[in-house]
Structures are given as structure tokens and as C-alpha cells.
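Note sheet for the following structure.
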Amino acid sequence: MKKQVINNVYWVGKVDWELRKFHGNEYSTHKGSTYNSYLIREGKTVLIDTVWDPFAEEFVENLASEIDLNKIDYIVANHGEIDHSGGLLALMKRIPDKPIYCTANAVKSLKGQFHQDWDFRVVKTGDKIDIGNGKELIFVEMPMLHWPDSMATYLTKDNVLFSNDAFGQHLATEKLFNDQVDQCDLFQESIKYYANILTPFSAILRKKLDEIISLNLPIDMIATSHGVIWRDNPMQIVEKYSQWADDYQENQITIVYDTMWNGTKLLAEKISEGISIGDPDVVVKVYNLAKSDENDVVTDIFKSKTVVMGSPTISNSILHSVAGFIHYMKGLKFKGKKSAAFGCYGWSGESVKVINEMMGNAGFEVITEGYRNQWNPDADAQKAAIEFGKTIAKA
Ligand code: FEO
């Protein structure tokens with residue numbers, strides 16, 4: 001069912017209430033998501049983006065019930081990833097000769113995925129198309145936000161920036177706008193999206209935000225491709241992105257561990273106590289990786305100034321849950337964060353050294369040799385773990 005966004009702009013996307021995993025199984029979506037497609041009906045009729053391919057037929061049928069598909073003049077593909085381009089194949093079977101406006105890289109990704117020679121019209125930043133009634137669409141390339149092919153499209157007069165993934169959130173809702181949903185959900189899903197998807201591109205994002213601001217385009221709405229449209233103070237999310245892109249951190253320390261016989265778990269709890277004694281103002285979070293959602297943990301890592309990683313020693317190394325998590329963090333290219341390591345061992349005891357090496361390679365500043373304890377922590381070892389926590393708090 002279409003919903004009016006503003007004047008002659010309509011939402012024609014799909015709300016996916018059931019979605020719990022995205023990017024295969026890489027990203028948890030506790031609150032579902034939406035795939036936002038927009039229809040503009042001015043002198044020309046324009047479709048911006050489609051939906052994920054499981055919903056392609058439903059999408060095309062719904063669209064056909066709203067308008068004669070042959071009345072669509074232009075299609076804009078802001079991004080080639082399948083959650084937005086997935087409806088194209090079904091749509092283009094019905095209207096194969098319609099032009100698709102996209103970046104040169106999007107041609108590569110769309111051809112690579114769909115193997116079709118559609119009428120691609122390559123656009124660059126600043127290119128415009130006249131859509132009648134005195135309105136234009138202006139294209140802004142957004143390379144690496146978050147794919148090389150990404151772009152945004154700006155609708156003049158209505159002052160709507162169709163930003164695609166940027167500024168989005170995985171949040172299923174029947175409501176269209178940011179002022180209509182729970183603000184805690186909105187903030188949490190926005191920062192989680194940034195932390196897990198956009199962190200590696202923060203430097204590029206800083207430049208792009210400056211470029212968008214320097215274009216002096218009045219922005220009344222930011223219509224993303226996931227979640228709600230920012231209409232109430234839309235620049236609030238741009239300001240948040242500016243903060244998040246600037247090697248963001250809060251006064252928070254996060255302890256992340258896995259454990260075999262609860263010795264390393266006990267150390268985690270004592271280190272947490274020590275940190276709180278050492279700095280009563282610091283926020284401390286503790287996660288057992290084996291029992292936690294990794295994307296939620298990464299969201300807390302994103303907020304942290306220091307990460308304390310723990311694993312017992314196994315096979316002269318560390319538990320694979322911890323190794324895999326550090327590998328994930330390495331890909332996110334965090335900057336300006338410190339790390340410390342801890343763990344129990346029975347015999348050889350390499351885990352702390354291995355964690356320090358991996359965290360250093362992942363771009364963290366290792367601030368201590370770490371704390372390791374042989375066998376289960378006794379009263380002295382627990383006191384030592386508390387002292388270790390105090391040291392980290394003061395580092
Ligand atoms: Fe990069 Fe929402 O797809």
C-alpha cells in the first residue's frame with residue numbers, strides 16, 4: 001500500500017516485520033526492517049529503488065495496482081545491493097525499456113547480479129534530470145557509503161534527500177517518520193547500523209558530509225532506504241553521523257570474554273568491579289560472547305574508549321569465539337581505542353599474549369601486558385583482578 005511522504009512523493013516499499021538476520025547471518029535485526037522504495041509523480045513519474053528480492057513479485061503487483069507501470073518514466077537505482085535492487089528483475093520484465101539512472105559502479109553491480117543489458121544511464125555528482133513541474137532530481141555519488149556504487153538523489157522544491165543506506169536503521173514500522181516512533185528504538189538502531197556497517201568508512205563519511213553541506217541544498221527530509229524518514233529536524237542524524245565519524249567514544253569500558261570453566265568469567269566480574277572503583281563515573285559493560293549478540297556487543301565497543309578482552313588458553317591459543325570477534329572488530333577499523341587482555345589457564349597460558357597481538361593488529365592500542373591467572377582464581381587472584389581493573393580505569 002502506498003503512503004504519502006510529501007506532495008507527490010509516495011512510499012511504495014515493504015515492511016519486513018519478520019527479519020531477524022541481515023547480510024546472511026552477519027547482522028542481527030531484532031526489530032525487523034523496511035526496504036523503502038519511493039514513487040515520485042510529477043510531470044515525469046520516477047521510481048527510486050525497489051525492495052529485497054523475496055518481495056519482488058509482491059512489490060511489482062502492489063506498484064501495478066497503484067499506477068500503470070508503463071507510466072514510469074525513470075528508475076533511479078541509488079545502490080546495487082540486493083535489498084534495494086532485488087525488485088528490478090521482476091519490474092523490468094514488465095517495462096524492459098525504461099531507463100535506469102545509477103552510478104558507473106552500480107552498472108557493474110547490477111549487471112553482475114542480474115546479467116541484463118538494461119538501459120543504464122550513468123550519472124555523477126551534480127548531474128540532474130528534469131522531472132517536470134519545475135522540479136529536478138540531482139544526483140550525489142556516495143562511494144563507500146557503504147558500497148562503491150552508492151549514491152543519493154535529491155528532489156528540489158520538496159527538498160527531499162533520498163539517501164539510501166546512509167542515515168538508515170533496521171526498524172520495522174508502519175509509521176513513515178522519525179517523530180512517530182519510539183525514540184530509544186530509533187537511536188539504538190541508528191547507532192547499531194553505523195557501528196556495524198559504516199565504521200570502516202568514517203573518514204570517507206566525514207568528507208562526504210562536508211561535501212553535502214557545501215552543496216547548500218536545503219534539506220527538509222532525509223528519506224533513507226531502511227526504517228523511518230527523518231522529517232523532524234532531519235539534520236539531527238547528520239549531526240550524529242558527524243560525531244560518530246570522528247573516532248567516536250564515550251566514557252565507557254567494555255569487557256568481552258568467553259570462558260570454559262568460569263575462571264575467566266570470574267576474572268571479568270572482578271575486573272569490572274575494579275574499573276568501577278578506579279573510576280566511579282565510567283560506564284562498564286560486560287559480555288560473555290558465547291551468550292551475547294555480536295552486533296549488539298560491537299555497538300557497545302563503538303561507544304567505548306577501552307576494550308578488555310578475555311579468554312582462557314586452549315590449544316596454546318584462545319577460544320574461537322574471541323578470535324572471531326577480534327577478526328570482526330579488525331574489519332571495522334576502529335580508531336583511538338585502547339585494549340587490555342586477561343584470562344585463566346591451566347598449563348601453557350598463551351591466551352593473554354595472543355589476545356594482545358590480535359588486538360594490536362586490529363588497530364587497538366594495547367596498554368598493558370595483561371592479567372593471567374593459573375587455575376581458578378583464589379581470593380588473592382580475585383583481588384589482583386580488581387587491582388588490574390583499577391589500573392585500566394586510570395590508564
Ligand atoms: Fe547496502 Fe541496504 O543495502
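Treat the numbers as computed from the prediction; the structure is a model and nothing was measured. Just so you know, residue 1 is the first one in the sequence shown, and it goes up from there. Atoms within a ligand are numbered from 1 in the order they appear, just like the ligands themselves.
Look at Lys128 and Asp130 and you find no salt bridge, because none of the NZ, NE, NH1 or NH2 atoms lies under 4.0 Å from a carboxylate O. Salt-bridge annotation for Lys31 and Glu189: absent, with no side-chain N of the basic residue lying under 4.0 Å from a carboxylate O of the acidic one.
For His146, the nearest N, O or S atom to atom 1 (Fe) of ligand 1 falls under 2.8 Å.
Looking at Glu81, its N, O or S atom nearest to atom 1 (Fe) of ligand 1 turns out to be OE1.
Remark: at atom 2 (Fe) of ligand 1, atom NE2 from His84 and atom OD2 from Asp83 enclose 90°, rounded to the nearest 10 degrees. At atom 1 (Fe) of ligand 1, the angle from NE2 in His79 to OD2 in Asp165 is 90° when rounded to 10°.
Looking at Thr224, its side chain never comes within 3.5 Å of a backbone N or O of Phe167 through a donor-acceptor pair.
Two rings, from Phe162 and Tyr38, have their centers less than 6.0 Å apart.
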